[in-house]
Asks: 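Take this structure, written in structure tokens, and hold onto it; I'll ask about it next.
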Amino acid sequence: MPRLTKDHALELLCSEDIYSLAQQACKGRDKLHPGNHITFVIDRNINYTNVCQVQCKFCAFYRDENNSDAYVLSVEEILSKVEEAVEMGATQVMLQGGLHPKLGLDYYTAVFQAIKQYYPVVIHSLSPPEIKHIAAQENISIKETVMELKKAGLDSLPGGGAEVLVDRVRQLISPQKISSQEWLDIMETAHNMGLKSTATMMIGSQETLLERLEHLEKIRALQDRTGGFRAFIPWTFQPHNTVLGGKKASSASYLRFLAVSRLFLDNFRTVQGSWVTQGPGMGQISIYFGADDLGSLMLEENVVKAAGVSYNMARDKMIRIIKETGKIPALRDTSYNILKVYR
Amino acid sequence: MLHIIEAKILNGQRLTREDALFLTGCNDLLFLGRLAREVKRRKTGSFVYFNVNRHLNLTNICVSNCRFCAFGRDRDKNGAYVMSVEEALRTARTAVPEGITELHIVSALHPDLPFEYYCEVIARLHAAYPEVHLQAFTAVEIDYFAKISGKSIRDVLNILIKAGLGSLPGGGAEIFSSRVRKETCPNKASGERWLEVMQTAHELGLKTNATMLYGHLETWEERIDHLLRLRELQDRTGGFQSFIPLPFHPENTALSHLKRTTAAEDLKVLTIARLLLDNFDHVKAFWIMLGLPLAQLTLEFGADDLDGTVVEEKITHAAGAKTSEGITKDELLSLIREMGCIPVERDTLYNVLKVYEEGNKHEA
């Protein structure tokens, strides 16, 4: 099948019949995943600090350094969270936090080394804005930063901070955050150094439909060069408690976009459905719109919760919602290797 | 087999029990949904109906003790209440200026309120607001009124009609299976009795709705049987306006160990109902129970009605529904339009009050 152009994708997004769109997306997914599995991972999000100097307008999580809710987790606190997670079956931890003006490379390397010393978990942590922040704190290159972090135990990068990879939109929603090109460059550097990552996207804030497709085009082009993206994960802006405010994108528009992403990103093996922002029900329905993965059980999640949205998902429920779609639930690791199949 | 069923639907032929049972084993929700939407489009085109109503729950004191209910309670329990006739009028007085066209009155089987109380509520509301349609009392309540007043169902209905009753809601049907009713609601009208009340109401010229509460102890066979009994009565009377599938909310009920049905199951029940009930004009997605995101999606899966703006719903929220208790008309219009449908404000009897033609499509 020829590659989708932005124009064609826009047409699909706006006017394709929803069943035709969903069926095409499922067909695309099933070709890549003939085993009929829908996967999930068990991990814990550890938000090591909520102090952040970029203060994006779509975010409800950040605090000023002198705010009474401001915190930074110590190495010991992080280790005890990792221990709990491992005991509950987590194979991965995702450390993500604000851009704290006083945290430098030594904090991160100490945390990673300590985790690796005690626990057999994959460290899937730090998105490009954090990498850039650490590099700037130390006045070293991105490459050196990634090398040091990798040496300390970093295994894989989450795709956060991408939001919408169009600078017009970034100016409106996160003017102090890294540019779209910087985000892409950091991912390219990491991929070239052997660190795989995911790519995310936040839809439903200030972007046009065409700008959504521009985002997809940029990550598709990078994936052509590096093959380093393991998954694409779109989610919707959660307006509650944010400076930006406004209305939430509907689940119907999310599902349409998910299906178009699946078709457009022909070089991505995995497109993830976001039950965390859509709720378990729509997470389940995303399987009918081309998702092959439902992300993580998330033993802890704080960022979406700060925007007033809190769903929970136990392993049983995850297995049940996947089974009811006629698919086979499977537990995976960070690299999308299947660890266990639930028949 | 799926092809045969598809051909039947496309040719407008009726599905059999065997067809329906076969569909219950089908996991291809996109197949079911597309067919159900086809039926919906034949019946109502791109119209999606809603009305502006207000729920009024006169009392929650109930002798029925249904195990799936979190609303009814004994009179000495916390939160037990009865509205006086004056209180009911006061609620109406605040709601009418908001532009409601219907009061939707569903309550409980109160141990000693007399039938006259209900007649008075209806008569006084009707006298005060003759333009507001009173959709009141499920078949189970009508059956109970007959019991406490010693009158026949026909007499009870005639008295209420004279007082100003406009139509009956479809509640209390639950699942007709006597096996399930014995387990979940042994103290209320049987399935047969529910159907008998509805038949009498239809014969007296009252329109009604029909519901099915699913996702508790019933099997798929019992769901299909329920739908077929509705279809059979509808063949005889034509008095049902819409069918409303209701997913069971287990929280705070005596069946709280059960799990809420998933979104895929909710859509499957909806699509199969739409395919099977060929003599029902409308299938309603009650967003209060489904949540707005799923309710919006049902418009592509065979539903043509989103009920109302519904201010102050108590029964489902007592069972832990996380939906808000009301939405504005603008929100309702925009979520219908986003699906490429045309919102139509209706009255209780599906007379069109306003077609909202303008509007956008598929934009986030």
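Hydrogens, waters and symmetry mates are skipped; everything else that's a heavy atom, side chains included, is used. Below, chains carry the letters A, B, ... as their sequence lines are ordered, and counting in each starts from 1. Everything numeric in this text was worked out from a predicted model, so none of it was measured.
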Asks: Of the backbone (N, CA, C, O) and the side chain (C-beta and beyond), which part of A:Q23 lies under 4.5 Å from a heavy atom of chain B, both, or neither?
Replies: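 Contact with chain B involves both backbone and side-chain atoms of A:Q23.
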
Asks: For residues A:S250 and B:M339, determine if any side-chain heavy atom of one lies less than 4.5 Å from a side-chain heavy atom of the other.
Replies: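 No, too far: nothing below the 4.5 Å cut-off.
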
Asks: Before you tell me yes or no, could you show the steps for A:T325 and B:L29 under side chain to side chain contact (heavy atoms under 4.5 Å, CB included), namely the whole-Å CA-CA distance, both residues' side-chain angles and the distance that decides it to 0.1 Å?
Replies: CA-CA 8 Å; A:T325 67; B:L29 204 51; over 6 Å; no

Asks: Between A:K317 and B:T262, is there a side-chain heavy-atom distance shorter than 4.5 Å?
Replies: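 The answer is no, as the side chains (C-beta and beyond) never meet within the 4.5 Å cut-off.
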
Asks: Non-hydrogen atoms of chain A under 4.5 Å away: do they reach the side chain of B:K259, the backbone, both or neither?
Replies: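 Both backbone and side chain of B:K259 come within 4.5 Å of chain A.
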
Asks: Look at the side chain of A:Y19 and the backbone N and O of B:G33, then say whether any donor-acceptor pair between them is shorter than 3.5 Å.
Replies: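 Confirmed, A:Y19 side chain pairs with B:G33 backbone.
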
Asks: Distance from B:E300 atom CD to A:L255 atom CG, nearest 0.5 Å?
Replies: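 Going from CD on B:E300 over to CG on A:L255, the span is 11.0 Å.
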
Asks: Select one option (side chain, backbone, both, neither) describing which atoms of B:R260 are under 4.5 Å from chain A's heavy atoms.
Replies: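 The answer is the backbone of B:R260.
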
Asks: How close do B:N27 and A:G326 get, heavy atom to heavy atom, and via which atoms?
Replies: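 Reported closest heavy-atom pair: ND2-CA, 3.5 Å.
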
Asks: What is the distance from atom CD of A:Q284 to atom CD of B:E265, rounded to the nearest 0.5 Å?
Replies: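 The CD atom of A:Q284 sits 9.0 Å away from the CD atom of B:E265.
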
Asks: How many angstroms lie between CZ in A:R256 and CD in B:E338, if you round to the nearest 0.5 Å?
Replies: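 One gets 9.0 Å once the value is rounded to the nearest 0.5 Å.
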
Asks: Checking heavy atoms, do the side chain of B:L267, its backbone, both or neither come under 4.5 Å from chain A?
Replies: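 Only the side chain of B:L267 comes within 4.5 Å of chain A.
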
Asks: Taking all heavy atoms of A:S20 and all of B:R34, pick out the closest pair and write down the distance.
Replies: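 Taking every non-hydrogen atom into account, N-NH2, 3.9 Å.
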
Asks: Does a sphere of radius 6.0 Å around CE in A:M88 hold more than 12 heavy atoms from other residues, nucleotides or ligands, not counting ones at 6.0 Å or beyond?
Replies: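 Counting neighbours around CE of A:M88, 12 or fewer heavy atoms of other residues, nucleotides or ligands fall under 6.0 Å, so no.
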
Asks: Tell me whether the count of non-hydrogen atoms from other residues, nucleotides or ligands lying under 6.0 Å of NE2 in B:H257 goes above 12.
Replies: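 Buried by this count: over 12 neighbours within 6.0 Å.
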
Asks: What part of B:L294 lies closer than 4.5 angstrom to a heavy atom of chain A: side chain, backbone, both or neither?
Replies: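 It is both, since atoms from each part get that close.
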
Asks: Under a 4.5 Å heavy-atom cut-off, does chain B meet the side chain of A:I203, its backbone, both or neither?
Replies: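 Nothing of A:I203, per the 4.5 Å heavy-atom cut-off to chain B.
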
Asks: For a 4.5 angstrom cut-off between non-hydrogen side-chain atoms, does A:S251 reach B:L297?
Replies: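 SC-SC contact between A:S251 and B:L297 ruled out.
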
Asks: Considering only heavy atoms, which portion of A:K327 lies under 4.5 Å from any heavy atom of chain B: side chain, backbone, both, or neither?
Replies: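 No part of A:K327 comes within 4.5 Å of chain B.
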
